[in-house]
Amino acid sequence: MPLADIDTRILTACKTAGRQPDDVTLIAVSKMQPDTRVVSILEEGQRIFGENRVQEAQGKWPAFKDRFSDVKLHLIGPLQSNKVKPALELFDAIHTLDREKLAFKLVQEVQARGICPELFIQVNTGEEPQKAGISPQEVDGFIKQCQQLDLEISGLMAIPPVNEEPSLHFALLAKMARRNGLKGLSMGMSSDFESAIALGATHIRVGAAIFGERNTPA
Ligand SMILES: *Cc1c(COP(=O)(O)O)cnc(C)c1O
C-alpha cells in the first residue's frame, strides 16, 4: 500500500479519536525486506524505520544512512546484553528493554557514550511463556528500578497475542503507562494500528502494509 495511503489512514484514525497526528509516529518496519523496497520508501520521504535484529540492521543501514540524511532507527526486536554497544551505535530508540540485566548494561553504555536512546519497556501483556517482555505484575517495579538507575523511560511497548483481541491489550498497556506517568505507547502493527491509535498509541510499527509481505516470516 502506498505510503500516502497509510498516512491518510493514520490521519483518519487520529481525527476519529480526537488526537493530533503529530502525536503519532509511524515506524516503517523494514526487517527482511529487499533493499530496493527500502530505498523506494526512503525516496518517498520516510525517515523513521524499525528493525528487529541488530545484526541485520548493521548489514544494511550504514549504507542507507550515507545516502539519506536524518534517518532514525528503532530497535523493535530482542536485545542481547552483549549487543548493547553496537545497538547504541546504530539505533536512536530501543523498544525492547525487558530485564534487569539489560538495564544495567544500558546504563554502563549510556554513561560511556553520554547519550541515551529513547527507551521503551516491553510488556508481555498476554503473559505468553514464549514471548519477551516484563510481566504486567512486575512492570511498575521495573519502571521505578530503571528510573532509579537514571535511565529515562519514554514509554511502554507490547505485541498482543495473535489470537486475542488486540484492543484489550492496547487498553491494558495504556493503563499501565498512565498510572506510571509515562507518555509513550509503542503499539499497533499492520493489522491493528487504527485501534492502537484510538487507544493512545504514540508509536505504531507498520511493516507489511507499507512494504508488502516479507520473504520469510520473522
Ligand atoms: C515485524 C514487526 C512489526 C511489523 O509487523 P507487520 O505486521 O508487518 O506490520 C511490528 N512490531 C514488531 C515487534 C515486529 O517484530
Side-chain angles (χ1 to χ4, degrees), residues 1 3 5-33 46 48-53 74-79 93-99 118-140 142-143 153-180 182-214 216-218:
M1 180 180 293
L3 201 51
D5 291 0
I6 302 283
D7 286 335
T8 307
R9 285 173 59 184
I10 294 171
L11 284 176
T12 308
C14 285
K15 203 168 172 191
T16 309
R19 300 188 55 204
Q20 296 300 321
D22 284 355
D23 294 338
V24 179
T25 299
L26 170 65
I27 302 169
V29 178
S30 50
K31 68 182 182 199
M32 316 287 293
Q33 295 288 352
Q46 176 69 21
I48 304 173
F49 290 84
E51 288 283 345
N52 74 334
R53 291 203 172 85
H74 290 236
L75 179 65
I76 60 169
L79 178 55
I94 291 170
H95 291 240
T96 48
L97 171 52
D98 63 352
R99 59 198 191 279
E118 198 177 354
L119 293 175
F120 293 83
I121 289 173
Q122 183 176 358
V123 186
N124 187 355
T125 55
E127 299 183 70
E128 297 170 278
Q130 83 287 5
K131 199 169 270 178
I134 197 113
S135 76
Q137 294 78 27
E138 290 171 290
V139 69
D140 294 7
F142 187 59
I143 292 168
I153 303 299
S154 294
L156 303 179
M157 176 272 214
I159 309 167
V162 237
N163 293 318
E164 288 182 30
E165 173 53 45
S167 58
L168 300 175
H169 294 270
F170 298 154
L172 178 64
L173 195 72
K175 192 172 139 195
M176 292 186 289
R178 213 165 30 239
R179 73 171 180 238
N180 285 284
L182 299 178
K183 290 214 173 68
L185 281 172
S186 168
M187 58 189 199
M189 319 203 312
S190 290
S191 56
D192 53 24
F193 67 83
E194 279 123 332
S195 94
I197 289 172
L199 289 159
T202 59
H203 294 70
I204 57 173
R205 311 177 308 263
V206 182
I210 296 175
F211 293 97
E213 289 304 325
R214 289 175 285 276
T216 323

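Starting from 1, each residue takes its place in the sequence as its number.
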Exercise for review: Apply the test side chain to side chain contact (heavy atoms under 4.5 Å, CB included) to residues Val24 and Phe193: give CA-CA distance (whole Å), side-chain angles for both, the deciding distance (0.1 Å), then the verdict.
Suggested key: CA-CA 11 Å; Val24 179; Phe193 67 83; over 6 Å; no
Measure the [atom1]-[atom2] distance between [X] and [Y] for me, rounded to the nearest 0.5 Å.
X	Y	atom1	atom2	result
Met32	Glu51	CE	CD	10.0 Å
Glu138	Ile121	CD	CD1	11.5 Å
Leu182	Leu156	CG	CG	5.5 Å
Asp23	Leu185	CG	CG	11.5 Å
Ile134	Gln137	CD1	CD	10.5 Å
Arg19	Ile10	CZ	CD1	11.0 Å

Practice item. With sequence neighbours excluded, tell me which residues meet side-chain hydrogen bond (donor to acceptor under 3.5 Å, both in side chains) with Thr96. Key: none
Non-hydrogen atoms of [X] and [Y] that approach each other most closely:
X	Y	answer
Ala208	Arg214	N-NH1, 4.0 Å
Leu173	Ser186	CD2-O, 4.2 Å
Ile94	Leu97	CG2-N, 4.4 Å
Asp140	Arg179	OD2-NE, 3.0 Å
Thr125	Ala158	CG2-CB, 3.9 Å
Glu194	Ala13	CG-CB, 3.8 Å

Taking [X] for the side chain and [Y] for the main chain, is one N or O donor matched with an acceptor at less than 3.5 Å?
X	Y	result
Asp98	Gln122	no
Glu127	Pro129	no
Thr202	Gly184	no

Check your understanding: Below 6.0 angstrom between ring centroids: does that apply to His74 and Phe120?
Key -> no
Point to revise | Under 3.5 Å side-chain donor-acceptor pair for Gln33 and Ser30 | key: no
Point to revise | Partner of His95 by side-chain contact (heavy atoms from CB on, under 4.5 Å), out of Asn52, Ile76, Leu119, Leu75 | key: Ile76
Check your understanding: Which residue, Arg205, His169, Met187, forms the side-chain contact (heavy atoms from CB on, under 4.5 Å) with Ile159?
Key -> Arg205
Exercise for review: Answer whether the closest heavy-atom distance between the side chains of Ile153 and Asn180 falls below 4.5 Å.
Suggested key: no
Practice item. Apply side chain to side chain contact (heavy atoms under 4.5 Å, CB included) to Leu172 and Val123, showing your working. Key: CA-CA 10 Å; Leu172 178 64; Val123 186; over 6 Å; no
